[in-house]
Structure formats: C-alpha cells, structure tokens
Amino acid sequence: MTIDRFDPAAADPRWQAVWDERQCFRADDNTARPRSFVLEMFPYPSGRIHIGHVRNYTMGDVLARTKRMQGFEVLHPMGWDAFGMPAENAAMEQGVHPGGWTRANIEAMKKQLKRLGFALDWSRELSTCEPDYYGHEQALFLDLYAAGLVYRKESAVNWDPVDQTVLANEQVIDGRGWRSGALVEKRKLSQWFLKITDFADELLDGLDTLEGWPEKVRLMQENWIGKSQGVEFAFAPLVPLMDPIRVYSTRPDTIFGASFVAVAAEHPIAQGLAATSPEAQAFIELCRSGGTTAAELETAEKLGFDSGLKVAHPFDAGITLPVYIANFVLMDYGTGAVFGCPAHDQRDIEFARKYGLPVIRVVADGDQTDPVFTGNEAYTGPGVVVNSRFLDGMTIDAAKAAVITRAESGGWGSGKTVWRLRDWGVSRQRYWGTPIPFIHCEVCGIVPVPKKQLPVILPDDVDFSVPGNPLARHPTWKHVDCPACGKPATRETDTLDTFVNSSWYFLRFASQPADRPFDPAGIAKWLPVEQYIGGIEHAILHLLYARFWTRALERIGLIGVKEPFASLFTQGMVTHETYQRRSTTTVHTTDASGSKSEEMTVEQWIEPAHVEKREDGKYYVKNTDDNVIVGRTIKMSKSKKNVVDPDDIIAQYGADAVRWFMLSDSPPERDLPWSEAGIEGCARFVQRLWRLFGQYDAGATGEDKALDRRRDQAVHAATADIAALGFNKAVARIYDLANAIDKARPSASRSAAIRTLLLLVAPMMPHLAEEAWAMIGGEGLIAEAAWPRPDPALLIEDEVTIAIQVKGKLRDTLTVAKGLPREELEALALASDKVQRALEGAEVKKMIVVPDRLVNIVA
RNA sequence: GCGGACGUGGCGGAAUGGUAGACGCCGGGGACUUAAAAUCCCCUGAGCUUGGCUCGUGUGGGUUCGAGUCCCACCGUCCGCACCA
C-alpha cells in the first residue's frame, strides 16, 4: 500500500536523522576510492541563511551526492567565516558579546542548513573565531614572517576620528565614515603587510593553468594584478641643485613627441614648491579636494600648474620641457611623474590643448606623417615611428626596445615592470579577529610570540561602550614579558583582516590535527578542491588571497600544491520582483514664509508575503484595496523588502521542492527569479514523482524498447549535464523521462525506468528519494546506491527523423531507418508530395545530404 | 574611456552551422466532483484567404546549399575596472 501524498514535514527530519546517525557523508581519509573535494564558499554567520546560500549549497550538494553515487570518496565540508565587523557592531548596538552573538548565529544557521538535507561532513566543521582555528593561523603567520613574507611599514589608512578605527575603502562613502558620518582622515599608521607582490608574476602566470575557472574571473584577476612593462628614466633639471625627475612610461617610443613633464600633487617637487609658493599650495589643495568617484573622475577637467621649472630632453639637452603639477597624475603609481606626449595619449592632448603646449606626431597614422598634429583625439593605434631622429621608420615595439637600450647604456634609465597589485595590509584595529602574534619590546623591538605560547587568545572581558579597539585599552591583556629578554613588553593589539581567515580554511578542512595547522599528507590527499562554488563578488579579493596563501605555503615547503581550486563556478543571484505601495500624504512644513501644507507622493516597499494577485490580474496589498506597483526584478535585499525567508518556504513546501526550484529553469551562472508560481510548480512535481514512484511494480513483465531507450538517453544526458553543472538542463531531462514513463503502459521496462528516475532525482530531492527507495524495497540508502549507467547500445537510435528542405526551407520530414544510404534518402525526398509542390517543377541543381539528419534540395 | 557578458514566445529558458522555441511557469478549453481543492487530458510564437501558407531569435549587411549559432557594423541591457602613464 502506498500513501497518496509525500509529507516533507515528517519525511525530511526523519531522513536527516538517519544520515546523521549513519555518518553517511563523513569523508574517509584512508579510502581506496578515487577522491573528490567539493566545496562551497563558507558563510559569514550573520544570523540567518539567505536564499543565495540555499542556491549555492544546493548546487554543491547535487555535485557531492552525485559524485558519491558514482563511487567517489567525497569531501564536502562546512564551516563558518566567523570573525568580522558585524559582530562588533552588534556588540556596540545591542550590548551583547561578539563571541556569544556569533556562536548563537552559527547554531541557528546550522539548524537551517540541516533542514535542507545537505550531504555535509559535519565532523570537520570549523569556525574561524575559535582558538583551535585562529591559533593555527597565528602559527602560519609566524612561518610566513620567518620566511620574510610578512613585514611592517608605515602606511596611510582611512581613519574615522569618531569611531577611532581604520576603515576599509568600501566603508568610506563620499569621504565620510559609513557609521559615524565623520570626515575620514588619512593617517599614517604602522601596519602589518603580506608580500603578495612577491608572487605577482606567479599569480598572473598561474591564471593560464586554471582552465576550470571562468574566463571572466581570470581576466578580472589579471587586470587587478595589472602588469605593465615600460621604462623608468630621469629628466635632468636645468637648475643644477635640483634632483632629476624620474618618470615611468609604457610608451618610450613616443619620447620625441614629449612636450611637458607632469608630477602628482603629492610629489616631492610639488611639495617643495608649495613651501615657497602660495599659488602652488592652493593648486595642490584643489587637487586634493577633487572627488574620487568614477563619475567625478570621468568629467573632471585636466588641470595643471606651471611650476616654472624646466627639464632637458634625455636625447637632446637643447630641447627643454616645462614641468607642471597636474591633477591627473597619481603619486602611488609608477614614480608619481610622467612625460606627456599629447599626440598619442588622450589625457595628454586634453592637457596640452588647454595650456597651449606643442602636439607633435611621432607615430604615423596610415600615411599621415605631418609633425603638426591636428584635432583633439590622440592617435593610439599602430604605425611607424616618424619625426623621431634615430627611431624613424621603426615599429612601435622596435622603437621601445631601442629607447630602453640607449637609456640603459647611457645610465639614465632602464626597462621596468610596474604592477598595480599592492602588498596586502592585514592590520585591523578591531577586537573580533585573529590577534597578530607579536610582542613590542622596548629593548628587543618586534618579537614573534614563541610557537609554544600559541594560541594568543582573545580576552573575553572587553568593553564596547566607547569607540576604538577594546584590545588596546584592555587593562591587562596586552601586558606580557618579552619572550627574548624577559622585560615588561606589550602585545600587538591589531588583529588580522578577516580575508586571512578564508585564505586557508580549505586546507584545514582536508586535514585538522590538533597540534599543527594541517598535515601535508592530508593536504596531498584532497587538494586541490575539485569544484569550488561561490559568488562572483569574491572574484578578486578572496580568490586572489587564497591563491596567494596556497602559493606562499607551498614556497616555504608546508604543502605541495600551488593552486587551491582546480575548478571555480560563480553562481548567479536569486532575484525577486519588487513591490511598492504609492500613497499621497499631506506634509506640513513651517518656514520663514509661514506654514503650509503640501500633497506628497510616498512610495513604500511591500514584502512579497503581503502582496496578492487578484482576479482582475492586478496586484494588491493583502486585505486592503491598495494597488501595488510591480517593480523590477532585482537581487533580494532587506531595504527593498523583496526577500523570502528560507525557513518559511521550507516549512511550506518542503526541502526538496526548494532544492528543485534552485536547480530548475535558470542556468546556474545566471540570476534566478524567485516566484510563488514557480515554487508551487516544484512542490506539485514532488507529489507527481511520489505518485509515479508508487506505481513501481517489481513483478511487472514485458519489454518496452522505446522506453528503455528513453531511459538510458536521459541517464546519459543528465549525467553529462550535472558534470557540467548544467542543472537546469538535467532537470529538463528528468521532466522528460517522467513524462515518458507517465504515458507508458505497465511493463518490466516501465518499472526499471521508474527505478532509474528515482536514482536520477536522488541528489536533487534526497528526502523524497530515500522515502521512495524504502517504499520500492531498494537496498540500503539511496544516498549510497550506485548511479545508473546507460547501455551504450540503447543510446543509438534505430530510426531517425530526416528534415527535408527545399532551398534551405523545411518542407517535410521523413522517419527512416538509421544509416540509410545517400541515394535512397535523395529518392525518398524527391518522392515527397510537399517537396514536389515546393519545387513547382523547377530543375533540381544539387542535393545536399547529411546522413541521418537532412536533405536539402537546391533548385 | 577600457575590458567582459548578454539580447530567442506573456515569463524562466532549450538548440555539435542542419526540423527554432525542448523542459518548466503563466494562460485557455475539457474530464472527474453536489461543489471546491487535488488530479488527468487537450491547446498555447505571430499573422493569414487556416487540410495549408507567410513571417519570426535586438537592427543592418555578409559568408554558406543552409545562420539563433560564424564574420563586419550598429543599437540596447548588465557586470567589472579606471585619470594606471
């Protein structure tokens, strides 16, 4: 007897408990099976799982479960990226302890993840805020320090004077702190840095080996690393006592087109000038006040200040160039000074035209070689060098090489590679992070904490009632004896950037001994991660830092892998329509002219749960007659209220329907629009499958060759689709097979197809699958059953449908035996009434035959 | 400005240069039911002189026997980066 409805509320927790109890998804380090490490980016424990997590982890879960059924030993772990600002904000706003807040969030979110039935190895769960994680991180940091990859230097930071803390660039909005609203100051602080620039070349070249990564992400990293090859050289000043001005250029070939030199406002020359010239001082102030947003920069005018200084052209001391302070030159790129060649650089031509400087053509534009360059558009294309003395007639590349050779032999310059990538500043004046394991001693200087004293544990008794770093003002924590000389000393009170925590967690998942960060043999077993899945927002920072840490640990001999993630998949967002109620209200204002009342239109975001579509096809606020305006479908966000809570929908539809929705319709790399109708359709399909599985009859007899064929074709296609992460296509195959089974008469073939269908949906709808597997008498758990293998013979059709075209237009189709010879196909095509009608007696000139596919008659 | 992706029914989307619109959602019609829900069946790109024909994958060209797919130019949307010398 079968039950006519599948009840997720009862079945889901029951199977989750069985998986837990049997430790089904625990990865065995000592397996003889082939291994697969499937990993999704671990979440920040903000308090609730959001729908984006559900999509991310569902994809990884389908992959992990499928791999397991295919005979792999799968490592599919989960953990918590648990340090960070939100915990401290909660502490300040709600008076709770960051640790308590974080751990409670982890408990809540873990429950939510369990409700979705993910096949995770919880025995390896880790949380970066616990000493048994961050202590090992401190040890690794000391290893990197010993290897010379960690250093300290003075560096400018964004300082919020009210909150008394350093802000990340992303936390500075229009020059003000995002929390305090105070004007952010640039302040020089001693900061800890990781030498990621030592790996710039490796990280760049390594991108070519990452064939399993999206081209887009590789390109973004390439641009971020920003390798540029050129020459750095000096312009000799005409004033004898002044230092030469060093410039950097990627276009030394245009050196004879130079008509000015420009330095940044922060350049020593500009600063020196400001000391004596109020005008220069004022101009430098003007440069500083300029905005830095993309829009402001785009429209910003090129401005300069003539310093009155002149420098000599390196190839001809008779040519002198004026030196300007310019607002478009950046101090922190290259040397903070450039030479301007207006004819072949757009910024330079705008500047030259404004200040009446010469514009000299030195690269021929086709047959245009006139030294007098007209127009306001610089020519940056290819060409032959002209008007350039010894460079004349050379290609751009040859001229570049020639200039570099002369500069090097003349001793006034050299070829140089400049990177956009900067060393990674990891100091944060925060409590809720990994304490940096160093001690400041007045006698010995900076002293690493001896490894046997690790972990340096965060104190629990901290005070958030005033702004600033609670570690720095803690009464006792920072006072220690110097490990070197034994005299009183102080601990470093900065903590590590949270991106450090996520730069090696995948190693700790693979191997977690108590006394070391990891065991190299364990790393060798599991790494690299076979498939990594997460959001595109981590394309640069996290994914670059993780690559860097892996390479750094490899260089110092701790591990044997260079790249952590063999394949990367960046999934799209879950989106939702937005809803607004528009109403008019009367606003009373009082000002100097008296008080007045005004009608104002107010738009208010409405949650999807409060919106309903009525029979007139319009949308209303539930239980009211208020119209709802349906807005754009955008990423779910609390401010737009277009969110759905995973708990609510799991309770309403069951985990399997939610998982199925996450996989259906949209390709996984694209955005997925959430809809009520869509999830209801998924829930209906769960029930439909349940009824179909209920029709399984072990004793059925008879063969249905066509259904056998459909079955194995579906297996073949769905297997390939899942391997390629084309979940939406795999879903379509499953619908197809379900439709075919529905229509088929009872037979042994039909029962076999039902069993196969059950195996195919098992990774996607694991609870339904276990319930049905038990019902049809399957052996063990379906989570541990073998993935179906198609019979190759059944994948080959014995009949094919041939398209018959006349002059490229479809006129008829014929169903014929597979492999029918060309001549017979031609004869059959010509025999068709529809073809004859389309030909209208015209003479057949040519026939194109693609065997088993089509015939095209050209008349 | 530079770089990238994308543009196909009412919607999400399928389609090794070879039958465009698989599969799902929405919608319409019908069956079952006292009724509803659930379920099942049928239809569902547009137009027309509807046993069939014409048009149709952002626009305009091109290559090809044949183009959603390849090439050129343009339009639009989205994303990333950016006075990077």
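Chain letters run A, B, ... following the sequence lines, proteins first, then strands; residues in each count from 1.
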**Prompt:** Do any pairs count as a side chain to side chain donor-acceptor pair (under 3.5 Å) and have a residue in residues 244-263 of chain A, sequence neighbours left out, and if so which ones?
**Reply:**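 Counting only pairs at least two positions apart or across chains, the side chain to side chain donor-acceptor pair (under 3.5 Å) contacts touching residues 244-263 of chain A are A:Ser228-A:Tyr248, A:Glu232-A:Arg246, A:Arg251-A:Asp253.
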**Asked** Taking only residues at least two apart or on different chains, which pairs with a member in residues 673-684 of chain A satisfy side chain to side chain donor-acceptor pair (under 3.5 Å)?
**Response**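 The answer is none; no pair qualifies.
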In a table with atom names and distances, give each donor-acceptor pair under 3.5 Å that connects a side chain of residues 715-738 of chain A to protein atoms at least two apart or in another chain.
residue  : atom : partner  : partner atom : Å
A:Thr719 : OG1  : A:Val715 : O            : 2.6
A:Thr719 : OG1  : A:Trp787 : NE1          : 3.0
A:Asp721 : OD2  : A:Arg733 : NE           : 3.1
A:Asn728 : ND2  : A:Asp665 : O            : 3.4
A:Tyr735 : OH   : A:Trp660 : NE1          : 3.1

Between the protein and nucleotides 3-12 of chain B, list the N/O to N/O atom pairs that are separated by less than 3.5 angstrom.
residue : atom : partner  : partner atom : Å
B:G12   : O2'  : A:Ser666 : OG           : 2.7
B:G12   : N2   : A:Asp665 : OD1          : 3.0

Under 4.0 Å between a side-chain N or O of [X] and OP1 or OP2 of [N]?
X        : N     : result
A:Lys809 : B:C55 : yes
A:Tyr333 : B:A85 : yes
A:Arg811 : B:U54 : yes

**Request:** Please say whether more than 12 non-hydrogen atoms of neighbouring residues, nucleotides or ligands are located less than 6.0 Å from CG in A:Asp833.
**Result:**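 For A:Asp833, atom CG is not crowded (no more than 12 foreign heavy atoms under 6.0 Å).
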Detail all sub-3.5 Å separations between protein N/O atoms and N/O atoms belonging to nucleotides 15-18 of chain B.
residue : atom : partner  : partner atom : Å
B:A15   : OP1  : A:Lys729 : NZ           : 3.0
B:U16   : O4   : A:Arg853 : NH1          : 3.4
B:G18   : O2'  : A:Arg853 : NE           : 3.1
B:G18   : N2   : A:Gln805 : OE1          : 3.4

**Message:** Does A:Lys807 contact B:C65 through a side-chain donor or acceptor facing the base, at a distance under 3.5 Å?
**Reply:**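 For A:Lys807, whose side chain was compared with the base of B:C65, there is no donor-acceptor pair (under 3.5 Å).
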**Message:** So, using salt bridge (Lys or Arg N to Asp or Glu O under 4.0 Å) as the criterion, who are the partners of A:Arg547 when residues are at least two apart?
**Reply:**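 For A:Arg547 the salt bridge (Lys or Arg N to Asp or Glu O under 4.0 Å) partners, ignoring immediate neighbours, are A:Glu563.
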**Request:** For A:Lys216, enumerate each residue passing the salt bridge (Lys or Arg N to Asp or Glu O under 4.0 Å) test, keeping only those at least two apart in sequence or located in another chain.
**Result:**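 Testing A:Lys216 for salt bridge (Lys or Arg N to Asp or Glu O under 4.0 Å), a comparison that skips the adjacent residues, returns none.
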For nucleotides 37-46 of chain B, list the nitrogen or oxygen atoms of the protein found under 3.5 Å from its nitrogen or oxygen atoms, one pair per line.
residue : atom : partner  : partner atom : Å
B:U39   : O3'  : A:Arg691 : NH2          : 3.3

**Asked** Among A:Phe351, A:Phe283, A:Phe305, which one satisfies ring-ring contact (aromatic ring centres under 6.0 Å, His included) with A:Tyr324?
**Response**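 Passing option: A:Phe351.
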**Message:** I'd like to check the side chain to side chain donor-acceptor pair (under 3.5 Å) partners of A:Thr417; sequence neighbours left out, ordered by chain and number.
**Reply:**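 For A:Thr417, no residue satisfies side chain to side chain donor-acceptor pair (under 3.5 Å) once neighbours in sequence are set aside.
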**Request:** Output all residues satisfying side chain to side chain contact (heavy atoms under 4.5 Å, CB included) with A:Val261, sequence neighbours left out; order by chain, then residue number.
**Result:**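 In terms of side chain to side chain contact (heavy atoms under 4.5 Å, CB included), with neighbours along the sequence ignored, A:Val261 is linked to A:Phe235, A:Ile245, A:Val247, A:Val311, A:Leu321, A:Val323, A:Phe339.
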**Request:** Please list, chain by chain and in numerical order, all residues satisfying side chain to side chain contact (heavy atoms under 4.5 Å, CB included) with A:Gln652, sequence neighbours excluded.
**Result:**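 A:Gln652 satisfies side chain to side chain contact (heavy atoms under 4.5 Å, CB included) with no other residue.
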**Request:** Check RNA chain B for consecutive Watson-Crick or G-U pairs with both distances under 3.5 Å and list the runs of at least three as stems.
**Result:**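 Ordered by first number, the stems with RNA chain B (at least 3 consecutive pairs each) read B:1-7 with B:75-81, B:10-12 with B:23-25, B:27-31 with B:39-43, B:45-48 with B:52-55, B:58-62 with B:70-74.
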**Message:** Between A:Asp208 and A:Arg218, does any NZ, NE, NH1 or NH2 come within less than 4.0 Å of an OD or OE carboxylate oxygen?
**Reply:**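 Judged by the 4.0 Å cut-off on N to carboxylate O distance, A:Arg218 and A:Asp208 do not form a salt bridge.
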